[in-house]
Amino acid sequence: MLSKSQNISPIDSFLSSLTYWQKLNLQTVLILGQKNITLKNARSQALTNDDDDFKFLLEQALNSPDPKM
């Protein structure tokens with residue numbers, strides 16, 4: 001039987017290791033890299049995104065051959 005830690009994906013493990021500010025800053029940078037918006041707007045969007053949105057942005061940046069939308 002697998003333990004709980006073996007069922008966690010590497011991305012989930014990474015995200016759970018980040019502090020609030022690290023998550024906010026990383027998500028802001030990911031948003032800036034995909035959209036032509038200001039830092040202020042990217043930060044505002046990062047503040048309103050939930051964990052699923054953040055995970056999607058990170059997976060897209062890591063796994064897509066063309067992560068910029």
**Prompt:** Does the Asn25 side chain pair with the main chain of Trp21, one donor and one acceptor, at a distance under 3.5 Å?
**Reply:** yes
How many angstroms lie between [atom1] in [X] and [atom2] in [Y], if you round to the nearest 0.5 Å?
X	Y	atom1	atom2	answer
Ser16	Ile11	OG	CD1	12.0 Å
Phe54	Leu26	CZ	CG	4.0 Å
Gln27	Leu15	CD	CG	9.5 Å
Glu59	Asp52	CD	CG	9.5 Å
Thr28	Leu32	OG1	CG	7.0 Å
Ile31	Asn49	CD1	CG	5.0 Å

**Item:** Lys55: partners by salt bridge (charged side-chain N to carboxylate O under 4.0 Å, His left out), with sequence neighbours left out
**Value:** Asp12
**Asked** Taking only residues at least two apart or on different chains, which pairs with a member in residues 16-30 satisfy salt bridge (Lys or Arg N to Asp or Glu O under 4.0 Å)?
**Response** none
**Asked** Do Phe56 and Val29 sit in the same hydrophobic cluster, where Ile, Leu, Val, Met, Phe, Trp and Tyr count as joined when their side-chain heavy atoms come under 4.5 Å apart?
**Response** no
**Asked** Can you check whether Tyr20 reaches Leu24 side chain to side chain, under 4.5 Å on heavy atoms?
**Response** yes
**Asked** Does a donor on one side chain and an acceptor on the other come within less than 3.5 Å for Gln60 and Gln34?
**Response** yes
**Request:** Give the intermediate values and the outcome of side-chain contact (heavy atoms from CB on, under 4.5 Å) for residues Lys35 and Gln45.
**Result:** CA-CA 11 Å; Lys35 300 178 180 180; Gln45 186 176 341; 2.9 Å; yes
**Fill in**
Minimal heavy-atom distance between Ile8 and Ser13, with the atoms involved, is CG2-N, 3.6 Å
**Message:** With side-chain contact (heavy atoms from CB on, under 4.5 Å) as the criterion, how do Leu62 and Phe14 come out once you've worked through the C-alpha distance, each side chain's angles and the decisive distance to 0.1 Å?
**Reply:** CA-CA 13 Å; Leu62 293 173; Phe14 171 70; over 6 Å; no
